Participant: 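Just passing along the structure, written as structure tokens.
The model shown is predicted, which means the values in this text are computed figures rather than measured ones. Side chains included, hydrogens not; waters and symmetry mates left out as well; all remaining heavy atoms used. Letters A, B, ... mirror the listed sequences (proteins, then strands); counts begin at 1.
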2 protein chains.
Amino acid sequence: MFKDMPREMLYAFARQNVPCVGFNVRRATRLVTQFYDRALAPAGLRSTQFSLLNVLAMVPALRMQDLADILAMDRTTLTRNLKPLLKQGWVKTTVGADRRARMVQITPGGRNVMHGAQPMWEEAQKYITERLGADTWDGVMEDLHRLSMIVEDASVDEAG
Amino acid sequence: MFKDMPREMLYAFARQNVPCVGFNVRRATRLVTQFYDRALAPAGLRSTQFSLLNVLAMVPALRMQDLADILAMDRTTLTRNLKPLLKQGWVKTTVGADRRARMVQITPGGRNVMHGAQPMWEEAQKYITERLGADTWDGVMEDLHRLSMIVEDASVDEAG
DNA sequence: CACAAAAAAGTGTATATACACATAATATGT
DNA sequence: ACATATTATGTGTATATACACTTTTTTGTG
């Protein structure tokens, strides 16, 4: 049935028939992540790892939970995501003033590999923004953030 | 440092400092998926599983690769994602006319659990679209698809 | 101060994701 | 028809994701 159907019709099928917000953002994310992962592969980094290093490069040190909040990522997911970076020596953790807390920090080696990946990231980013148009991308960013705030407000509603 | 910082400032921090397309779509997807997962939990379904069943409910049977294309999902990821659904008896696979191919099909039990989850999905979907505004959501859908096509064209460029 | 409540983080388990490699079946060129 | 290339799928491995539960430390209250 779909065997000889051109790619665009598969897109159309999915778009026209699955109106779910979640389905569509997940689908787009899979494609975008694959795209960045391929671009960053020569630098030995995955998309998530590159993002993590970028955030950590902006601050002196962050508590696990604060970093998780910035990333809108479950705390325990962050623990697992840090594992390969710790193994490579690209980040390190130290015990905080509050000895329950662990502070996460980028290492010189982490900055190094991050800078090495920068050109690949820039090329990938440029590829997208050029084709999307700067105005459109600004709009998408804005919309994604509105969407994010809506669903996080929802979880606050539930909890409170 | 971030301990007493209000949530909106964390958003602002991430948004203003991490312009990466991939970072932002992944971040939004985490939040949206968490939202739908919570909504669908009473029905015993995850977001991905609900989407899978929905697509399968629209067609008589699909080859693995065609289904993977519709979902923009790696073929091997689909294999793993089908596993819990097969275990529950919500989908089944049969050998195709081409005996290399496996055809995937939703079962009556699968339709059942899908229909059971429908009200939860509708509520979650409505929560988002109402707050986002129908026009905005249409725009987001459109933009996500443009984004998707851009990055998939890129992978076709590479391969060809 | 003693002790219960709360907070910060890790672990066990299950699903989600994709690449490299392997296997089986079909298509193709001579 | 047969050898070879191609196609469809599965497996091994590694990372990404989050919930339930546990452990350690701090906070709050008498």
Participant: Quick one: A:Arg100 CZ to C:dA5 C1', roughly how many Å, whole number?
Facilitator: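 A:Arg100 atom CZ is separated from C:dA5 atom C1' by 11 Å.
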Participant: What is the distance from CG of B:Asp98 to P of D:dA8, rounded to the nearest Å?
Facilitator: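 About 7 Å, once rounded to whole Å.
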Participant: Kindly compute the distance separating CG (B:Leu132) from CD1 (A:Ile150), expressed to the nearest 0.5 Å.
Facilitator: 4.5 Å
Participant: Of B:Gln49 and B:Ala97, whose nearest nucleotide on DNA chain C comes first from the 5' end?
Facilitator: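 Of the two residues, B:Gln49 wins.
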Participant: Using a cut-off of strictly less than 4.0 Å, decide whether B:Arg102 has a side-chain nitrogen or oxygen near OP1 or OP2 of D:dG10.
Facilitator: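 The answer is yes; a side-chain N or O of B:Arg102 sits under 4.0 Å from OP1 or OP2.
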Participant: Mind checking side-chain contact (heavy atoms from CB on, under 4.5 Å) for B:Met64 and listing every partner two or more places apart, or none if nothing turns up?
Facilitator: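 Result, side-chain contact (heavy atoms from CB on, under 4.5 Å) vs B:Met64: B:Leu78, B:Thr79, B:Leu82, B:Arg102, B:Val104.
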Participant: Calculate, to the nearest 0.5 Å, the distance between atoms CZ and OG1 belonging to A:Phe35 and A:Thr29 respectively.
Facilitator: 14.5 Å
Participant: Rounded at 0.5 Å granularity, tell me how far CZ in A:Arg46 sits from CG in A:Leu85.
Facilitator: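 Reported to 0.5 Å precision, the distance equals 11.0 Å.
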Participant: Given atom CD of B:Gln65 and atom P of D:dT6, what is their separation to the nearest angstrom?
Facilitator: 17 Å
Participant: Would you list the pairs meeting salt bridge (Lys or Arg N to Asp or Glu O under 4.0 Å) in which at least one residue belongs to residues 75-94 of chain A, sequence neighbours left out?
Facilitator: none
Participant: Closest approach to the side chain of B:Met64, judged atom by atom: which nucleotide of D:dG10, C:dG10, C:dA18 is it?
Facilitator: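 The closest nucleotide is D:dG10.
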Participant: So, using side-chain contact (heavy atoms from CB on, under 4.5 Å) as the criterion, who are the partners of B:Ser51 when residues are at least two apart?
Facilitator: A:Phe23, A:Arg26
Participant: Roughly, in whole Å, what's the span from CG in B:Asp66 to C1' in D:dT9?
Facilitator: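 Result: 13 Å.
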Participant: Please report the distance, rounded to the nearest Å, between CG in A:Asp74 and P in C:dT13.
Facilitator: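 That distance rounds to 18 Å.
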Participant: Starting at CE of A:Met73 and ending at P of D:dT15, how long is that distance when rounded to a whole Å?
Facilitator: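 So the CE-P distance, A:Met73 to D:dT15, works out to 15 Å.
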Participant: Output the rounded distance in Å from CZ (A:Arg46) to C1' (C:dA18).
Facilitator: 7 Å
Participant: Residues two or more places apart in sequence or in another chain: which of them pass side-chain hydrogen bond (donor to acceptor under 3.5 Å, both in side chains) with B:Arg30?
Facilitator: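 Partners of B:Arg30 by the side-chain hydrogen bond (donor to acceptor under 3.5 Å, both in side chains) criterion come out as none, since no residue qualifies.
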Participant: Strictly below 4.0 Å: does B:Arg63 bring a side-chain N or O up to OP1 or OP2 of D:dA8?
Facilitator: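 Answer is yes, contact under 4.0 Å.
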Participant: Holding to side-chain contact (heavy atoms from CB on, under 4.5 Å), I want the full list of residues that pass it with A:Ala117, two or more places apart in sequence or in another chain.
Facilitator: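 Checked A:Ala117 against side-chain contact (heavy atoms from CB on, under 4.5 Å); matches are A:Leu40, A:Ala43, A:Leu45, A:Phe50.
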Participant: Identify all pairs in which a protein N or O lies below 3.5 Å from an N or O of nucleotides 2-4 of chain D, and state each distance.
Facilitator:
none

Participant: Give me each pair satisfying salt bridge (Lys or Arg N to Asp or Glu O under 4.0 Å) with a member in residues 111-127 of chain A, each pair once, sequence neighbours excluded.
Facilitator: A:Lys126-A:Glu130
Participant: I want to confirm an ordering. Mapping B:Asp37 and A:Arg75 to their closest nucleotides on DNA chain D, which one lands closer to the 5' end?
Facilitator: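 Result: B:Asp37.
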Participant: Of all residues at least two apart in sequence or in a different chain, which pass the side-chain hydrogen bond (donor to acceptor under 3.5 Å, both in side chains) check with A:Thr76?
Facilitator: A:Asp74
Participant: Side chain of A:Thr76 only, heavy atoms from C-beta on: which candidate in D:dG10, D:dC19, D:dT17 is closest?
Facilitator: D:dC19
Participant: Using side-chain contact (heavy atoms from CB on, under 4.5 Å) as the criterion, list what pairs up with B:Asn81, not counting sequence neighbours.
Facilitator: B:Thr48, B:Leu52, B:Met73, B:Thr77
Participant: Quantified as the angle between the terminal helix axes (five pairs each), what is the overall bend of the helix from C:dC1-D:dG30 to C:dT30-D:dA1 to 10 degrees?
Facilitator: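 Comparing the axis at each end, I get an angle of 10°.
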Participant: For residues 78-88 of chain A, which residues have at least one heavy atom under 4.0 Å from DNA chain D?
Facilitator: A:Arg80, A:Asn81, A:Pro84
Participant: Can you name the residues that form a side-chain hydrogen bond (donor to acceptor under 3.5 Å, both in side chains) with A:Gln34, not counting sequence neighbours?
Facilitator: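 Checked A:Gln34 against side-chain hydrogen bond (donor to acceptor under 3.5 Å, both in side chains); zero matches.
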Participant: State whether B:Arg99 places a side-chain N or O below 4.0 Å from either non-bridging phosphate oxygen (OP1 or OP2) of C:dA24.
Facilitator: no
Participant: Rounding to a whole Å, what distance do you find between A:Gln34:CD and C:dT17:P?
Facilitator: 10 Å
Participant: To the side chain of B:Ala101, which of D:dA20, D:dT9, C:dA16 is closest?
Facilitator: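 My answer, after comparing the listed nucleotides, is D:dT9.
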Participant: Of the listed nucleotides (D:dT25, C:dA18, D:dT9), which one gets closest to any side-chain atom of B:Thr77?
Facilitator: C:dA18
